[in-house]
Amino acid sequence: MTTRGKRAAETLYDKPLSSKGKLEVNLSTYAFLFSEIVQYSHGRVTSLSQLHEKLSDLGKHAGFRMIDVLCLREKTPKRETRLVNHLLYIQKTLWKTLFYKEADRLEQATASESTFYLFEDDPVVNRFISVPKDQSSLNCAAFVAGIIEGFLNGTQFACKVRAFALKDQPSTTAFEIKFEDSVITRDKMLESVK
Amino acid sequence: MAAVCVAVISKQNFPLYLRSVNPQNEADLQFQYLVHASIDVVEEKVSTLGTPKAGQDPREHYLGLLYPSEQYKVYGYATNTRVKFILVVENTTSQSRDTEMKMLFKNLHVAYADMLCNPFYTPGQKITSRTFNNAVSSIFQMSKGFTSKE
């Protein structure tokens, strides 16, 4: 009885109509489109690094266009100037808009103050992609890295972003964000002003 | 306060869009000068290293009145991508309210964001979109409505 009740609660008819809330994109449609993007890019490159670059370039277009749309949806729009605040904005707001969840962790590298890592335990872009053994360094989250890079570069934070899977946890993807020195210098100056 | 000219300026300070309310008018060239002169003031306000004035958030998009001239008042707005919007309005005796200006700029920003999301538009190109043009026309109309209310 209980199982039946539970099953009934899971049907589509019991869910509230989501017309008022956020409009979610069908996952299979999305996965299909993304797989086509990867196949298209894969057929036009000769090396893995070129494939990464191509995916990232596509992401940059998306990332740059996200900036104005996202800022307009804010209640009190502002031009963020501080580095850490801006990264938190990416981790929370940008990620929520793109994937309906926050990114799992944001860390600063211990060795260098210009490098940050954003961790995503199960990136939706990699969920349906099985990487061949001979191309183990391929990570299709390069597309998401491109989005981050486009977003940051568009908002005056010059940087390079790279995506790679962690060695001990292959399902987790880390995005390495390397800022240019000028950005770090500017942030320190802003720190001293306040 | 009727708006007479709308301009969009790119991050590298070249014009993306400039339109005045009646394009055949001889004063058209004058608007280019006005807008060009306003870039310096925008740059000054956007620069984050200056000491922020009390009661003003330096991160706000709306930059307020940039400078008044004899006939016109020039208002500015800067987006996160450092694309600037400039609005030239007629200099009348009636006080123009900031909330109204903010609303005009907000509409302009929405139109710009819509236009930017078109995948066939490359950021940094001249704006030729018809939808954007219509939005600007409605902004001219709307600003006229503000005068009649006062």
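Proteins get letters first, then strands, A, B, ... in listed order; numbering begins at 1 in each.
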Item to check | Side-chain H-bond candidate by donor/acceptor type, N153(A) with K60(A), under 3.5 Å | outcome: no
Item to check | Residues S182(A) and T185(A): side-chain donor-acceptor under 3.5 angstrom | outcome: no
Checklist entry - Do H36(B) and F31(B) have side-chain heavy atoms sitting under 4.5 Å apart? => result no
Checklist entry - Going hydrophobic residue to hydrophobic residue with side-chain gaps under 4.5 angstrom, can you get from L48(A) over to F164(A)? => result no
Checklist entry - Are side-chain heavy atoms of M101(B) and Y62(B) found at a separation under 4.5 Å? => result yes
Checklist outcome for this item: Under a 4.5 Å heavy-atom criterion, the part of residues 120-132 of chain A in contact with chain B comprises none
Item to check | Within the 6.0 Å centroid threshold, strictly below: F143(A) and F34(A) | outcome: yes
Checklist entry - So which of T76(A), V69(A), L72(A) has the biggest tally of heavy-atom pairs under 4.5 Å with chain B? => result L72(A)
